[in-house]
Amino acid sequence: MEETSISGLYRTSARLVGQTTTNFHRYLYDKICWANKLIAIKGARGVGKTTMMLQSIKERFAEHPERALYVSLDNLWFANHSLSEVVEYHYTHGGTHLFIDEVHKYPSWQTLIKNIYDEYPDLHVAFTGSSMLKIDNSKADLSRRMSDYTLHGLSFREYLSFEAGIDVPVVSLEELLNDHVRIAMQLTSKTKVLPLFETYLEYGYYPFYKEEMDDYYERLKKTIYVILNEDIPAIEEITYPTVQKLQRMLMILAERVPQTPKMNELYAILETTREQGLKMMGLLQRATLLQLLSTETREFHHLLKPDKIYLNNPNLMYALTVQPDKGTLRETFFINQLSAVADVSYPRKGDFLVNHKYLFEVGGKNKTFNQIKGIPDGFLATDGIETGFGNRVPLWMFGLLY
């Protein structure tokens, strides 16, 4: 391969690294051991995986930029060239680190990554992929070779830091439940939390809101389109008619969340079977477009009907529905933030059971304990209040967990 053939990739990498800012890092950035030989970063499209890799290059290779190369596998260059060519050229010209974006777009990517790992012992590789990415050890045993990370969308804690410019530390769920009054008083003395919480529900989950505030929902809809039409088919062997049914299912469910719709009616509308319908819902959940809530006894039975269905996060509700329901927004925020750090299931009483122990009711400031009265580990997650008392915890504080 001639040098001129690959020079465009190096120019693109240098340009993107140069344009990347490093004044704000996602919560996962400092948790990643960037010195590891093989790193996988999974997550929904648009949550900032690419930016994290570019930040790592900018901060760690400022003195020797030629050692690190960033490539995205959806670049048209790869229509007529292979990743193996890039690896060989980069390695033989002094490259020590390769950062690969959109790995799920590449055929037989697992085998290729394994071969790079085995054949280039001095080359460090970090790659990103869809939240749907599954490591099939029957094809290539990568699990024992790589460090595996998952990036979620912006937490409300990160949004506070981003918008208000204040240091907001992560708190554990136990610390929050035991010490929420003190934590809330510290934060509310620094900024007006509730207005920021309202705007976060509308457009704060995907970091690209900073770039395209005016066209945020259009950008989000385009992101959903790419997930449905490119990312899912790249990982799962599905036909175009199934992709169309996935699109229609998502829109139908968006109008009906959180109540579980009449499933037989849904299957009839989509002209599909029960088994296929449940598989499609599972795909939408893995693609981080839906949250499927089930009881503890059924949580591992993926082909059983979920007890409740939510969109993945409140921003999707604003993008896909005309007028989001306030109560549903609250519940969607709660399950979105908690499911990133804990096990959330559907209880016999209350709205959510967390880690098989804590029972929560989610509601407005007038919500009472009637439905969970007498339960020792029962809590209210209450919207519209800055600080709580006892087992009444402000809803916004459940966004401080990561």
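A quick note: this is a predicted structure, and the numbers were derived from the prediction, not measured.
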Would you sort out whether Tyr203 and Tyr318 count as a side chain to side chain contact (heavy atoms under 4.5 Å, CB included), showing the intermediate values? CA-CA 8 Å; Tyr203 54 73; Tyr318 278 99; over 6 Å; no
To the closest 0.5 Å, what do you measure between CE (Met53) and OG1 (Thr20)? 10.5 Å
Any donor-acceptor pair under 3.5 Å from Asn315 side chain to Leu201 backbone: yes
Pair Glu361 + Lys373: basic N to acidic O under 4.0 Å: no
Assess, by modelled atom type and distance only, whether the side chains of Glu158 and Tyr27 contain a donor and an acceptor separated by less than 3.5 Å. no
When you look at Phe398 and Leu176, which way does the side chain to side chain contact (heavy atoms under 4.5 Å, CB included) test go after all the steps? CA-CA 8 Å; Phe398 292 94; Leu176 175 63; 3.8 Å; yes
Any donor-acceptor pair under 3.5 Å linking the side chain of Glu236 with the backbone of Leu283? no
For Lys279, is there an ion pair with Glu275 - N to carboxylate O distance below 4.0 angstrom? yes
Side chains of Leu270 and Arg248 in contact at under 4.5 Å (non-hydrogen atoms): yes
Could you tell me whether the side chain of His93 and the main chain of Tyr89 form a donor-acceptor pair under 3.5 Å? yes
Rounded distance [0.5 Å steps], CG in Leu196 versus CH2 in Trp396: 10.5 Å
Does any donor atom in the side chain of Arg11 or Ser7 lie under 3.5 Å from an acceptor atom in the other side chain? yes
Residues at least two apart in sequence or cross-chain that pass ring pair (Phe, Tyr, Trp, His ring centres under 6.0 Å) with His25, listed by chain then number, are Tyr29
Counting C-beta onward and ignoring hydrogens, is there a side-chain heavy-atom pair between Leu28 and Met52 closer than 4.5 Å? yes
Spell out, as yes or no, whether a donor-acceptor pair under 3.5 Å connects the side chain of Lys49 to the backbone of Gly43. yes
Parallel, tilted or perpendicular: which one describes the rings of Tyr216 and Phe208, with boundaries at 30° and 60°? tilted
For the atom pair CD (Gln186) and CD1 (Ile183), what is the distance rounded to the nearest 0.5 Å? 7.5 Å
Are more than 12 heavy atoms, taken from residues, nucleotides or ligands other than Gln323, located less than 6.0 Å from that residue's CD atom? no
Sidechain N-carboxylate O distance under 4.0 Å for Lys245, Glu271: no
Residue pair Lys210, Glu163: steps toward the salt bridge (charged side-chain N to carboxylate O under 4.0 Å, His left out) verdict: CA-CA 10 Å; Lys210 275 286 193 182; Glu163 289 295 317; 3.1 Å; yes
Check: Thr332 and Leu329 side chains under 4.5 Å, non-hydrogen atoms: no
After noting the C-alpha distance and the side-chain angles of Glu102 and Arg45, does the key distance pass the salt bridge (charged side-chain N to carboxylate O under 4.0 Å, His left out) rule? CA-CA 10 Å; Glu102 306 282 355; Arg45 181 174 288 273; 3.2 Å; yes
State whether the side chain of Glu85 and the backbone N or O of Ser82 hold a donor-acceptor pair below 3.5 Å, judged by distance alone. yes
In the structure I gave you, are the side-chain heavy atoms of Leu123 and Lys37 within less than 4.5 Å of one another anywhere? no
Separation of Leu359 CG from Asn391 CG (nearest 0.5 Å): 11.0 Å
side-chain hydrogen bond (donor to acceptor under 3.5 Å, both in side chains) for Asn36 and Ser147? Distances and angles first, verdict last. CA-CA 7 Å; Asn36 287 352; Ser147 301; 2.5 Å; yes
Report yes if the side chains of Ser84 and Leu112 come closer than 4.5 Å at any heavy-atom pair, otherwise no. yes
Kindly compute the distance separating OH (Tyr217) from CG (Asp215), expressed to the nearest 0.5 Å. 12.0 Å
Note, Phe379 side chain near Leu177 side chain (heavy atom, < 4.5 Å): yes
Once the angle between the rings of Phe197 and Tyr200 is folded into 0 to 90°, is it parallel (under 30°), tilted (30 to 60°) or perpendicular (over 60°)? parallel
Ignoring hydrogens and geometry beyond distance, is a side-chain donor-acceptor pair present between Gln291 and Ser339 at under 3.5 Å? yes
Is any side-chain heavy atom of Glu331 less than 4.5 Å from a side-chain heavy atom of Asp351? yes
Please check this pair: side chain of Arg26 against backbone of Val47, looking for a donor-acceptor N/O pair closer than 3.5 Å. yes
Given side chains that start at C-beta, do those of Tyr120 and Val125 come closer than 4.5 Å, heavy atoms only? no
I'd like to know whether Tyr159 forms a ring-ring contact (aromatic ring centres under 6.0 Å, His included) with Tyr209, so could you lay out the CA-CA distance, the side-chain angles of the two residues, the decisive distance to 0.1 Å, and finally the verdict. CA-CA 11 Å; Tyr159 181 81; Tyr209 81 88; 5.6 Å; yes
Please answer whether the main-chain N or O of Met397 pairs with a side-chain N or O of Gln337 as donor and acceptor at a distance below 3.5 Å. no
Rounded to the nearest 0.5 Å, how far apart are CG of Asp74 and OH of Tyr106? 13.5 Å
Just by distance, no angles: are the side chains of His152 and Tyr205 close enough, under 3.5 Å, to form a donor-acceptor pair? no
Describe, in one word, how the ring planes of Trp34 and Phe99 are oriented to each other, choosing from parallel (under 30°), tilted (30 to 60°) and perpendicular (over 60°). tilted
Please work out which of the three classes, parallel, tilted or perpendicular, describes the rings of His124 and His97, given edges at 30° and 60°. parallel
Verify side chain to side chain contact (heavy atoms under 4.5 Å, CB included) between Leu293 and Ile335, making sure each step is shown before the conclusion. CA-CA 9 Å; Leu293 190 65; Ile335 188 174; 3.8 Å; yes
Applying side chain to side chain contact (heavy atoms under 4.5 Å, CB included), run through His104 and Ser130 and close with a yes or a no. CA-CA 7 Å; His104 57 278; Ser130 164; 3.8 Å; yes
So, Asp101 and Tyr70: side-chain donor and acceptor under 3.5 Å apart, yes or no? yes
Given the options Lys326, Lys192, Arg330, Glu198 meets salt bridge (charged side-chain N to carboxylate O under 4.0 Å, His left out) only with Lys326
Is it true that Asp148 and Lys42 have a side-chain N and a carboxylate O under 4.0 angstrom from each other? yes
Carefully, step by step, assess Asn229 and Tyr240 under the rule side-chain hydrogen bond (donor to acceptor under 3.5 Å, both in side chains). CA-CA 8 Å; Asn229 287 270; Tyr240 181 67; 5.3 Å; no
Verdict with supporting geometry, Phe127 and Trp109, ring-ring contact (aromatic ring centres under 6.0 Å, His included): CA-CA 11 Å; Phe127 65 87; Trp109 68 268; 5.6 Å; yes
Show the numbers, then the answer: is there a side-chain hydrogen bond (donor to acceptor under 3.5 Å, both in side chains) between Thr239 and Thr242? CA-CA 5 Å; Thr239 63; Thr242 300; 3.1 Å; yes
